[in-house]
Amino acid sequence: MGLTLTYRIRPLLLGEAEVPNILDVFWSLSTDRGRSSVPILGFLIEGAKDGPVVVDCGMRDPKRAMEIFRLGPHSCSPEQQLTAQLALHGVRAADVRTLILTHLHYDHCGNCAALPNARIVVQRTELMAAAAPMGPASLPIGGKSLFYDRADVAELIDPLWDRLDLIEGDCELFPGLACVLYANTHTPGHQCIYVQTDSGAAAIVGDIARKVDLNIEQAIPPGIYYDLEAMRRALADIARRADIVLPTHDWDTMKRGNIG
Ligand SMILES: [Zn+2]
């Protein structure tokens, strides 16, 4: 007779960005040259024994996003600030005990300092990749720092270093809440967060999948990956394990709303 522990997931709308649609489908097969406005999401997970968990925390500064990575306009209204989004659910920033980062691209780890009491869980290989990114300066989008903001990396190394929890591989942080490393997919140390809910297993997939129908159901990899085989294996694994797939940049994630 086991007690099944389940969690509640709330999407947080932390900004919006205009990006090229080629990011949705891997380069050589994409003919779509249009642009779309996409959300930048984080997630609040409630039900962990030591307090609220946040997954990803949005971008540092919409202007930096455009200037450094040469993407379209980005925005973050006052209502989309991390603290305001948490307040919608009655959670104060100081209450958050755990911040999990799927990866360290500028739109996922720009507000770590806003959660003053959270340990910050990230894969060690991801921090290493972010510190020494492989972007040629000539890259039309992404640039030399390849979507990693030097200011975010610097902040994690100091002053946030003492709060960093660098994990290596898969790790069950709490019963029914686990980080799974999918190396060399969207980034070298990208992890997905699997969460048990009353509606089944939810996967917070970061940017491994951008759209559930294209990337998971049709198994077409999205536009950015390091190793195509690793990416295809990851997408198949997510399809097999998850009842609910939650990409960061899909309005459908927001429309689905609260889970549990
Ligand atoms: Zn992203």
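We count ligands from 1, going down the list as the structure has it; atoms in each ligand are counted the same way. A quick note: this is a predicted structure, and the numbers were derived from the prediction, not measured. Numbers here simply count residues along the sequence, with the first being 1.
Not one N, O or S atom of His105 sits under 2.8 Å from the Zn ion (ligand 1). At least one N, O or S atom of His249 sits under 2.8 Å from the Zn ion (ligand 1).
You'll find the ring centres of Tyr106 and Tyr148 outside the 6.0 Å limit.
Glu16 and Gln80 form a side-chain donor-acceptor contact under 3.5 Å, judged by distance and modelled atom types alone.
Nearest heavy atoms, Arg150 versus Ser145: CD-CB, 4.2 Å.
Restricting Asp107 to its N, O or S atoms, the one at the least distance from the Zn ion (ligand 1) is OD2. Taking the Zn ion (ligand 1) as reference, Asp207 places its N/O/S atom OD2 nearest.
Ring planes of His186 and His105: perpendicular class, angle over 60° (limits at 30 and 60°).
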